[in-house]
Amino acid sequence: MKVRINQLLANKPVGETVTINGWVRTRRDTGAFSFVEVNDGSCLANLQIIADAALANYEHEIRLLATGSSIQVTGLLRESPGKGQDVELQASSLALLGPADPESYPLQKKRHSLEFLRELTHLRPRTNALGAVARVRSRLSFAVHRFFQERGFVQIHTPIITTSDCEGAGEMFQVITGRETSVGDHFFGRPAGLTVSGQLQAEAFALALGNVYTFGPTFRAENSNTSRHLAEFWMIEPEMAFCDLAGNRQLAEEMLRYLVNEALTSCSDDLLLFDQFIEKGLLKRLQGVVAQEFVQISYSEAVERLQKSGRQFTYPVSWGLDLQSEHERYLCEEVFACPLTVTDYPASLKPFYMRLNDDGKTVAAMDLLVPGIGEIVGGSQREERYDLLAGRMSAAGIDLDDYSWYLDLRRYGSAPHSGFGLGFERLVQFVTGMGNIREVIAFPRAPGYAPC
RNA sequence: UCCUCGGUAGCUCAGUCGGUAGAGCAGGUGGCUGUUAACCACCCUGUCGGCGGUUCGAGUCCGUCCCGGGGAGCCA
């Protein structure tokens with residue numbers, strides 16, 4: 001019976017004959033037999049194979065098995081007399097499927113730096129840490145859908161090629177065919193780009209179906225070279241009709257807590273590895289996120305707190321100026337030491353679609369900041385009042401004709417509505433403790449960087 | 001894009017005052033052992049990131065470019 005190692009280690013069917021497939025992590029020889037540790041990607045743990053010298057291919061194949069080789073093993077599962085594992089597989093046959101030349105195979109049975117592994121984008125999922133990231137990411141992705149589906153949200157596949165920019169979301173990649181010969185000769189009849197956000201289109205569906213969400217790739221042509229930016233990343237964007245900023249904030253916090261809890265319960269082995277080797281204290285931090293209420297303050301309160309802190313900052317703090325990274329980090333990491341939502345920013349700092357508050361100066365915006373990463377969620381209540389929206393668009397220099405469809409949503413049956421964007425990779429960073437966002441996506445894209 | 005710190009063996013790194021390069025791991029060979037980052041012995045391994053300059057002599061000093069880390073801006 002062909003089984004996966006995670007099943008085998010969970011059920012421990014001692015006395016049964018099973019077949020496993022996987023890649024050799026390390027081999028140790030004794031006089032009469034060899035220990036072969038195999039990993040099949042189903043879990044972090046390896047399975048220890050006992051390959052006896054009596055096997056036909058022992059001398060010319062098994063004893064030469066190198067790290068990275070793929071093998072198929074059939075044998076009897078039995079309790080292990082040694083320390084370090086409960087069960088082991090006594091091989092009755094061991095077939096070498098794909099050898100890996102130890103002279104040239106770049107992955108060794110030791111720890112490599114994450115920077116080095118990044119140069120081996122195609123091989124790094126075979127390592128403990130990057131394999132664990134892939135499993136955690138997959139669980140989180142699934143949990144995102146479960147979270148929304150359990151709450152009656154409808155998933156919308158908003159367009160990847162778009163002709164609507166979303167102000168404040170960054171620069172767009174242009175989409176052209178290569179056949180265009182003159183300016184104005186556009187495949188779509190007008191200039192098009194890769195989406196920087198599905199928000200505007202999601203709003204159209206929220207104002208029809210109530211609660212919707214998108215979860216798809218997003219593209220930003222910004223020349224950002226940081227540990228938390230990618231040119232191609234995945235974003236989750238819920239949009240809710242008849243929902244104000246408070247409800248919006250509540251959903252964001254509930255969602256973050258739900259997803260962290262999902263990782264804690266279904267990826268405990270992988271998280272243990274991160275806790276040990278990637279970020280000491282990760283588990284404690286994540287458990288805190290699940291247990292405690294997040295802090296919420298307004299932008300004005302934040303400015304006040306920063307001014308009264310007595311702390312010397314590089315950048316000035318004054319009402320009307322944007323909060324700098326150092327300010328956000330101070331509040332989030334030192335003052336509160338927990339996820340922090342900052343709301344109601346000055347209108348001048350935020351894009352046109354955010355709803356103007358009654359004070360006439362601020363908008364119903366929110367940024368959810370987490371320690372170590374900074375902004376993980378950015379959202380707002382949307383401006384649902386036609387005149388106010390049109391006014392802010394004009395002030396921003398936007399051609400109203402280009403966005404007449406968006407204004408229509410306010411012209412007919414407009415309703416208060418809210419939504420946010422959650423950067424999926426930043427979530428995976430937060431959950432795994434990975435310091436660089438390029439470690440949490442399979443094939444990262446960044447300025448000057450797209451190797452495969 | 002800006003600031004800053006780096007780039008030396010397959011990997012992780014050391015290299016003093018400028019005098020021609022080393023360790024651990026990996027790899028190879030042999031030995032030993034229910035081992036588990038196995039262990040012991042021996043062997044192999046270099047465009048010192050590229051180009052140019054200073055110097056009798058450059059891994060080391062200067063210029064420049066490329067690449068990487070950290071920070072900043074932009075944001076998710």
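Worth saying up front: this structure is predicted, and the values here are computed from it rather than measured. Note on naming: letters A, B, ... go to the chains in the order of the sequence lines (proteins, then strands), and numbering restarts at 1 for each one. Note: hydrogens, waters and symmetry copies are ignored here, and every other heavy atom, side chains too, is used.
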Results of side-chain contact (heavy atoms from CB on, under 4.5 Å) for A:Arg285 - residues two or more places apart only: A:Glu279, A:Leu282, A:Phe430
Sugar-phosphate, base or nothing in reach of A:Pro81, heavy atoms under 4.0 Å: base
Centroid-centroid distance, A:Tyr213 to A:His145, less than 6.0 Å: yes
Sugar-phosphate, base or nothing in reach of A:Thr314, heavy atoms under 4.0 Å: nothing
Gap between atoms CG and P, on A:Leu323 and B:G73 respectively (whole Å): 11 Å
Touch class at under 4.0 angstrom, heavy-atom based, for A:Leu230 against every strand present: base
A:Phe233/A:Phe219 aromatic ring centres below 6.0 Å: no
Nearest-neighbour nucleotide for the A:Glu103 side chain, B:G27, B:C75, B:A76 considered: B:G27
Options B:G34, B:G68, B:C74, nucleotide nearest the side-chain atoms of A:Tyr449: B:G68
Salt bridge (Lys or Arg N to Asp or Glu O under 4.0 Å) against A:Glu328, all qualifying residues, sequence neighbours excluded: none
Presence of A:Ser34 side-chain N/O under 4.0 Å of B:U35 phosphate oxygens OP1/OP2: no
Per-nucleotide pairing state of RNA chain B [Watson-Crick or G-U, under 3.5 Å; [ ] pseudoknot-crossing; | other strand]: (((((((..((((.....[..)))).(((((.......))))).....(((((..]....))))))))))))....
Touch class at under 4.0 angstrom, heavy-atom based, for A:Glu328 against every strand present: nothing
Name each donor-acceptor pair under 3.5 Å that joins a side chain in residues 338-346 of chain A to protein atoms two or more places apart or in another chain, with its distance.
residue, atom, partner, partner atom, Å
A:Thr341, OG1, A:Glu253, OE2, 3.3
A:Thr343, OG1, A:Gln296, NE2, 3.2
A:Asp344, OD1, A:Asn357, ND2, 2.9
A:Tyr345, OH, A:Asp367, OD2, 3.3

Sugar-phosphate, base or nothing in reach of A:Phe424, heavy atoms under 4.0 Å: nothing
Any pair counted as side chain to side chain donor-acceptor pair (under 3.5 Å), so long as it reaches residues 64-73 of chain A, sequence neighbours left out: A:Asn21-A:Gln72
Set of salt bridge (Lys or Arg N to Asp or Glu O under 4.0 Å) partners for A:Arg63, sequence neighbours left out: none
Residues touching RNA chain B, which here means a heavy atom under 4.0 Å, drawn from residues 122-136 of chain A: none
Would you tabulate the side-chain donor-acceptor contacts of residues 6-19 of chain A under 3.5 Å, counting partners in other chains and residues two or more places apart, or write 'none'?
residue, atom, partner, partner atom, Å
A:Asn6, OD1, A:Ser42, OG, 3.3
A:Asn11, ND2, A:Gln7, O, 3.3
A:Lys12, NZ, A:Asp86, OD2, 3.1
A:Thr19, OG1, A:Thr74, OG1, 2.8

Candidates B:G68, B:G70, B:U35 - which lies nearest the side chain of A:Asn436: B:G70
Partners passing salt bridge (Lys or Arg N to Asp or Glu O under 4.0 Å) against A:Arg445 (at least two apart in sequence or in another chain): none
For A:Arg392, salt bridge (Lys or Arg N to Asp or Glu O under 4.0 Å) partners two or more places apart: none
Sugar-phosphate, base or nothing in reach of A:Ser224, heavy atoms under 4.0 Å: base
Dump the pairs, protein N or O against N or O of nucleotides 47-50 of chain B, anything under 3.5 Å, distances to one decimal.
none

Selected nucleotide, minimal atom distance to A:Arg426 side chain, candidates B:A76, B:C25, B:U35: B:A76
Sub-4.0 Å heavy-atom contacts from residues 109-118 of chain A onto RNA chain B, ordered by number: A:Lys109, A:Lys110, A:His112, A:Ser113, A:Glu115, A:Phe116, A:Arg118
Touch class at under 4.0 angstrom, heavy-atom based, for A:Gln85 against every strand present: base
Sugar-phosphate only, base, or nothing, as touched by A:Gly421 at under 4.0 Å among non-hydrogen atoms: sugar-phosphate
Per A:Ile50 side chain, nearest of listed nucleotides B:A26, B:G34, B:C74: B:G34
Residue-phosphate contact under 4.0 Å: A:Ser325 side-chain N/O, B:G73 OP1/OP2: yes
Distance test, side-chain N/O of A:Arg28 to OP1/OP2 of B:U35, below 4.0 Å: no
N/O (side chain, A:Asn225) to phosphate O (OP1/OP2, B:U1) under 4.0 Å: no
Sugar-phosphate, base or nothing in reach of A:Gln324, heavy atoms under 4.0 Å: sugar-phosphate
